[in-house]
2 protein chains.
Amino acid sequence: MKSDRDRSIRLLWEPPAEATRGPKAALSQARVVEAAIKVADAEGVDALTMRRVAETLGNTAMSLYRHVPGKSELLDLMVDAVWAETEHTPKGPWRAGLEFFARQMWAMYRAHPWMLQLTTSRRMPGPHAMTRQDAAYAVVSELGLASEEIVAVVTAVAQFVDGVGRTMADRVQAERETGVSEEDWWNGREALWQHFTPDRLPMMTHLWNSGGFERPLDEFEFGLARLLDGLAVFIEAEERPLVRRETCL
Amino acid sequence: MKSDRDRSIRLLWEPPAEATRGPKAALSQARVVEAAIKVADAEGVDALTMRRVAETLGNTAMSLYRHVPGKSELLDLMVDAVWAETEHTPKGPWRAGLEFFARQMWAMYRAHPWMLQLTTSRRMPGPHAMTRQDAAYAVVSELGLASEEIVAVVTAVAQFVDGVGRTMADRVQAERETGVSEEDWWNGREALWQHFTPDRLPMMTHLWNSGGFERPLDEFEFGLARLLDGLAVFIEAEERPLVRRETCL
DNA sequence: TACACCAGGTGTACGTTGTACACGGTTCTA
DNA sequence: TAGAACCGTGTACAACGTACACCTGGTGTA
């Protein structure tokens, strides 16, 4: 239990020691992680099984366990490897910097939607993810905000991108599973629309009839602009009320 | 495949027909759903297996299949049942109304964190969830916004609550799994903190030393206030640029 | 140079999951 | 009263992560 976590930390933060004895390794931790990422990219998170990853490498499932303690740790390594892919430091004034940070996260999630579908409960923080987060803090560090406020601002942006990304990722997966695009799916559901009567759902039918769902606004662009506007109001305010977390969770 | 979806829709939108023949049913769809919700509330989403639900009802796993087509559909029913628990219509001017909407969702997610952990990919929309969404649209329908804008505003709020809720839900699950609270966990990780050196993560160490992580701001309250501020800027603006979605997903 | 050691990879096996299928008992309808 | 419709059970299977025992091949030390 305890050593479990410590081992995961070492796994992520310390480079794997290379063996001097034994046969030359065909596999390596990096190769396993790389193969797993490829599988997840191409076939989705459901196809990400140890057997499938091993198969793409031409080995058996158990061979992976020589290079990775278990599936959970493999997921940790995959996530941090993706965070490492784009290691640019946002620059500029706070708003441009946060926007850059958000767009980079967004691009990352679009390239690897499975990242948001892994159970994130107590996922181990890796060095590359932390580095990116550190850079984001730096962007808002010169505004005279209190420490808690700096953390809150960056958290808000990151959480926003996570939220939009997750619905995007779910859509991707749904399309892969069913083979039906989002639009076709909604259109094809007469069985569903017949229940959307004006007396039951007046606004939804009205919005539907006036085309509100046909050409939706870009959720990422819309939400990001609103959020940054709201943060601007906060940052430029004379007084900032602080609401601390009271409940435990 | 096709009938699969149509059947799910009927399942959610049409009340289950009651049988006239056969022995009196000890179980019912409502009882199964209720029991499943109790299991998820008490033991988390991982414990939500067909066998476990049946056990709490004093039956075998297969008995559930008389009342529910499968696990996926059971999840759909659980989610909509929770949406039905609080069926109040938000009132007031747009800002108060949206805030009410957000707080109701937040309360719902706090009571049933598992809702956000279910794979939401193409989860079937149920009548109660739709009714609540319709009410939210109504709140912002009198502001002279275009249809797409109304949809975007409500989506932004709902997505925000989803995002904050999901991280909350992950924390709850992690504490259940490991038996260690979030705070204890971070504090106990010398193995982790030893890697947080000022040269590697200058901002994080600085924020840590100045207490930025000790008493974090309430993520829900902070984010909601910022988002509503940003939406106010948008709603009260003379001109509103529209960025439509261009990419497919 | 001999050999003990150790790491890489394989094959087998187990417990857990959702659920297909066949069966036996129960109650209303024709 | 015969039969149809329905309820719940028991058994079984495929897929999953992974523990374990086992060979194999290369290197450091004797």
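These numbers come from the heavy atoms of this one structure, side chains and all, not from hydrogens, waters or symmetry mates. Computed from a prediction, not measured in an experiment: that's the story for all the values here. Labels below follow one simple rule: chain letters A, B, ... track the order of the sequence lines, proteins then strands, and each chain is numbered from 1.
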Check your understanding: Between B:V39 and B:W114, is any pair of side-chain heavy atoms under 4.5 Å apart?
Key -> no
Revision key, fill the gap. Assert: residue with more 5' nearest nucleotide on DNA chain D, out of A:E73 and B:A19, is B:A19
Practice item. Starting from the C-alpha separation in whole Å, work towards a yes-or-no answer on side-chain contact (heavy atoms from CB on, under 4.5 Å) for B:L75 and B:S72. Key: CA-CA 5 Å; B:L75 298 180; B:S72 173; 5.5 Å; no
Review point. Do you know the tightest heavy-atom contact between B:L12 and B:D76?
Key: CD2-O, 3.8 Å
Review point. Should A:S63 be listed as having a side-chain N or O under 4.0 Å from OP1 or OP2 of C:dG9?
Key: no
What is the distance, to the nearest angstrom, from the [atom1] atom on [X] to the [atom2] atom on [N]?
| X | N | atom1 | atom2 | value |
| --- | --- | --- | --- | --- |
| A:L64 | C:dA7 | CG | C1' | 16 Å |
| B:R52 | C:dT19 | CZ | P | 18 Å |
| A:Q29 | C:dA7 | CD | P | 15 Å |

Review point. Taking atom types as modelled, is there a side-chain donor on B:R132 or B:T86 under 3.5 Å from an acceptor on the other?
Key: yes
Check your understanding: Do A:E85 and A:H128 have a side chain donor and acceptor closer than 3.5 Å?
Key -> no
Check your understanding: Can you say whether the rings of A:W13 and B:F196 are parallel (under 30°), tilted (30 to 60°) or perpendicular (over 60°)?
Key -> tilted
Check your understanding: If only atom types and distance count, is the side chain of B:E73 paired as donor or acceptor with the main-chain N or O of B:V68 below 3.5 Å?
Key -> no
Review point. How would you list, by chain and number, every residue that makes a side-chain hydrogen bond (donor to acceptor under 3.5 Å, both in side chains) with A:T56, sequence neighbours excluded?
Key: none
Check your understanding: What does nucleotides 20-30 of chain C look like as a protein-contact string, B for base, S for sugar-phosphate only, - for none, at under 4.0 angstrom between heavy atoms?
Key -> BB---BBBBS-
Exercise for review: Check every nucleotide of DNA chain D for an atom under 4.0 Å from a heavy-atom of chain B, then give the first and the last such nucleotide from 5' to 3'.
Suggested key: D:dA4 to D:dA12
Revision key, fill the gap. In this structure, CH2 of B:W83 is separated from CE of B:M78 (nearest 0.5 Å) by 15.0 Å
Please set out all donor-acceptor pairs under 3.5 angstrom arising from side-chain atoms of residues 156-167 of chain B, sequence neighbours excluded.
unit_1, atom_1, unit_2, atom_2, d
B:Q159, NE2, A:T167, OG1, 3.2
B:Q159, NE2, A:E219, OE1, 3.3
B:D162, OD1, B:Y109, OH, 2.7
B:R166, NH1, B:L116, O, 3.1
B:T167, OG1, A:Q159, NE2, 3.1
B:T167, OG1, B:V164, O, 3.0

**Study point:** salt_bridge(A:R31, A:E34) N-O dist < 4.0 Å
**Key:** no
Check your understanding: Should the pair A:K38-A:E43 be classified as a salt bridge under the 4.0 Å nitrogen-to-oxygen rule?
Key -> no
Check your understanding: How far apart are the C-alpha atoms of B:D134 and A:T205, what are their side-chain angles, what is the distance that settles it, and do they pass the side-chain contact (heavy atoms from CB on, under 4.5 Å) test?
Key -> CA-CA 9 Å; B:D134 198 87; A:T205 50; over 6 Å; no
Exercise for review: Please list residues of residues 40-51 of chain A whose heavy atoms come under 4.0 Å from any atom in DNA chain D, ordered by number; otherwise none.
Suggested key: A:L48, A:T49, A:M50, A:R51
Review point. If an axis is fit to five pairs at each end of the helix from C:dT1-D:dA30 to C:dA30-D:dT1, what is the angle between the two, to the nearest 10°?
Key: 20°
